[in-house]
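Values below: every heavy atom of this structure, side chains too, minus hydrogens, waters and symmetry copies. This is a predicted model, so every value here is computed, not measured.
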Amino acid sequence: MSAVAMIRAMRWTTAQMASQDGRTIVVTGANSGIGLEAARALAISGAHVVVACRDTAKGERAVAELEGDLDVRRLDLADLSSVHAFADDLDGDIDVLINNAGVMAVPRAKTADGFELQLGTNHLGHFALTGLLLPRIRDRVVTIASGAHRFGRMNFGDLQSERHYQRWLAYGQSKLANLLFMGELQRRLDAAGSPLRSVAAHPGYAATNLQSHTQSIQDQLMGMANQVVAQSARMGALPTLFAVTEDIPGGSYVGPDGLFEQRGHPKLVGMSGAAKNAGDARRLWERSEELTGVRYSLAPAAAR
């Protein structure tokens with residue numbers, strides 16, 4: 001049965017997830033929230049999971065009681081030197097890279113390299129990481145986006161929000177960038193004859209600590225919404241896990257099946273017209289190469 005048919009036939013959970021024995025999976029931001037729940041499920045299913053996080057002490061505490069093979073490594077996506085160090089220190093091939101870590105609606109700040117923090121962490125850090133690891137990836141890249149991509153607009157004239165910063169618009173732009181990156185990576189993989197897949201997922205509205213770092217009254221408002229509206233982080237991780245483990249086409253986007261994709265079980269979902277704009281995707285890719293200094297090696301990988 002195809003993945004699409006299976007989704008229609010049942011409400012997918014980790015009970016339907018295939019064994020991940022022998023696979024190595026890197027999860028960024030896996031010390032809490034969606035990333036931690038994905039790491040938990042993948043480790044239980046037999047994968048060697050690399051928990052990539054900025055604070056390794058927190059990471060070690062988070063995984064201390066989890067079952068399976070988990071390896072905590074330092075990765076600060078807001079610092080390209082840390083991204084390079086992580087890639088250099090990681091041994092062997094990788095089956096799946098999950099670009100999960102992110103920040104949301106934070107006050108204006110800059111990364112170590114001078115990028116606007118949300119674009120720098122959510123997109124540019126992952127762009128660099130994926131490019132550095134791509135020659136060693138054997139199966140797929142999964143990028144975690146958000147329904148917020150629908151109000152995102154790529155402001156190429158002020159990509160770093162230097163003239164005007166509005167925290168939610170900057171977040172929407174970074175999440176739109178995630179989907180533009182996902183699609184452009186798939187097009188380039190196809191053009192190179194590579195068997196790798198680039199896919200994306202979003203968790204809907206899941207209760208995580210992502211909603212507690214805006215440093216504004218919105219923290220309290222979203223905290224209350226977490227209690228009333230949101231689904232659990234474990235449910236929010238299901239689209240990620242489906243995107244990682246199921247046989248879906250490159251370029252697919254997975255989200256919850258409930259009302260407005262806010263909660264529920266995984267299904268293939270659509271994305272905004274802006275997220276499918278190939279011209280913007282190519283322009284963002286070229287700009288991302290300039291900003292990060294990372295160029296992709298996309299030679300065919302027949303031996304994988």
Side-chain angles (χ1 to χ4, degrees), residues 3 6 11-77 82-83 86-87 89-102 125-126 129-130 133-134 136-144 196-204 206-210 231-248 254-256 265-266 304:
M6 186 173 69
R11 304 182 79 190
W12 192 90
T13 69
T14 52
Q16 285 84 49
M17 193 167 74
S19 170
Q20 300 301 297
D21 283 349
R23 283 160 65 84
T24 296
I25 300 175
V26 175
V27 190
T28 70
N31 60 307
S32 65
I34 301 301
L36 179 61
E37 292 301 331
R40 180 200 308 273
L42 292 165
I44 289 173
S45 71
H48 168 62
V49 180
V50 178
V51 175
C53 56
R54 185 175 57 182
D55 188 330
T56 55
K58 287 183 178 179
E60 294 287 0
R61 289 194 295 271
V63 306
E65 297 183 4
L66 301 188
E67 299 177 18
D69 182 9
L70 299 111
D71 178 16
V72 177
R73 299 288 188 97
R74 186 177 187 277
L75 170 65
D76 183 356
L77 289 159
S82 176
V83 174
F86 175 86
D89 291 343
L90 197 62
D91 297 326
D93 288 335
I94 302 154
D95 292 282
V96 182
L97 169 63
I98 307 176
N99 290 324
N100 165 81
H126 281 128
L129 178 66
T130 305
L133 294 181
L134 194 63
R136 296 154 55 190
I137 296 175
R138 298 185 292 193
D139 182 9
R140 69 189 76 181
V141 177
V142 180
T143 299
I144 307 307
L196 301 184
R197 280 177 275 189
S198 172
V199 298
H202 80 88
T208 71
N209 63 9
L210 190 66
Q231 62 182 352
S232 67
R234 191 161 295 187
M235 281 295 296
L238 290 182
T240 296
L241 292 167
F242 190 93
V244 169
T245 63
E246 292 297 329
D247 185 16
I248 56 177
V254 183
H265 294 260
R304 293 176 181 173

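The main-chain N or O of I94 is never found under 3.5 Å from a side-chain atom of T24 such that the two would form a donor-acceptor pair.
Side-chain contact check for V254 versus V199: every heavy-atom pair is 4.5 Å or farther apart. Taking the side chain as every heavy atom from C-beta outward, P266 and P256 never approach each other to under 4.5 Å. Two residues are said to be in side-chain contact when any heavy atoms from C-beta on lie closer than 4.5 Å; T245 and L42 meet this criterion. The closest side-chain heavy-atom distance from I144 to H202 is not below 4.5 Å. Under the 4.5 Å side-chain criterion, counting only non-hydrogen atoms from C-beta, V142 is in contact with V96. Within the 4.5 Å cutoff, the side chain of Q20 has no heavy atoms near those of the I44 side chain. M17 has its side chain within reach of W12: a pair of non-hydrogen atoms, C-beta onward, lies under 4.5 Å apart. Side chains of V27 and V51 form no contact here, defined as non-hydrogen atoms less than 4.5 Å apart.
Note on R140 versus D247: no salt bridge recorded, every NZ/NE/NH1/NH2 to OD/OE distance being 4.0 Å or above. Salt-bridge check for R23 with D21: failed, with every basic side-chain N at 4.0 Å or more from each acidic carboxylate O. Salt bridge present: R138 and D95 bring a charged side-chain N and a carboxylate O closer than 4.0 Å.
Using modelled atom types, one finds a donor on one side chain and an acceptor on the other under 3.5 Å when comparing T28 with H126.
Around the CZ atom of R73, the shell of radius 6.0 Å holds more than 12 heavy atoms that belong to other residues, nucleotides or ligands.
Closest approach of A206 to A233, counting heavy atoms only: CB-CA, 4.3 Å. Heavy-atom minimum distance, T240 versus I34: OG1-CG2, 3.9 Å. A243 approaches A200 most closely through the heavy-atom pair CB-O, 4.4 Å. For N100 against G35, the heavy-atom pair with the smallest separation is ND2-CA, 3.4 Å. The two residues R197 and I248 come nearest to each other via the heavy atoms NH1-O, 2.8 Å. When all heavy atoms are compared, the tightest approach of S45 to S19 is O-OG, 3.6 Å.
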Mind running side chain to side chain contact (heavy atoms under 4.5 Å, CB included) on L75 and L129 for me, showing each step along the way?
CA-CA 10 Å; L75 170 65; L129 178 66; 3.9 Å; yes

With side chain to side chain contact (heavy atoms under 4.5 Å, CB included) as the test, would you mind laying out the steps for V83 and L77 before giving the verdict?
CA-CA 6 Å; V83 174; L77 289 159; 4.3 Å; yes

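Going from atom OG1 of T13 over to atom CZ of F242 covers 11.5 Å, rounded to the nearest 0.5 Å. For the atom pair CG (L66) and CD (E37), the distance works out to 8.5 Å, reported to the nearest 0.5 Å. Between the OG1 atom of T14 and the CZ atom of R40 there is a distance of 11.0 Å, given to the nearest 0.5 Å. From Q16, atom CD reaches atom CZ of R11 across 11.5 Å, with rounding to the nearest 0.5 Å. Rounded to the nearest 0.5 angstrom, N31 CG and C53 SG are separated by 4.5 Å. How far CD1 of I25 is from CG of D139: 8.5 Å, rounded to the nearest 0.5 Å.
For the side-chain contact (heavy atoms from CB on, under 4.5 Å) criterion with T143, the lone passing option out of L97, T130, I98, N99 is N99.
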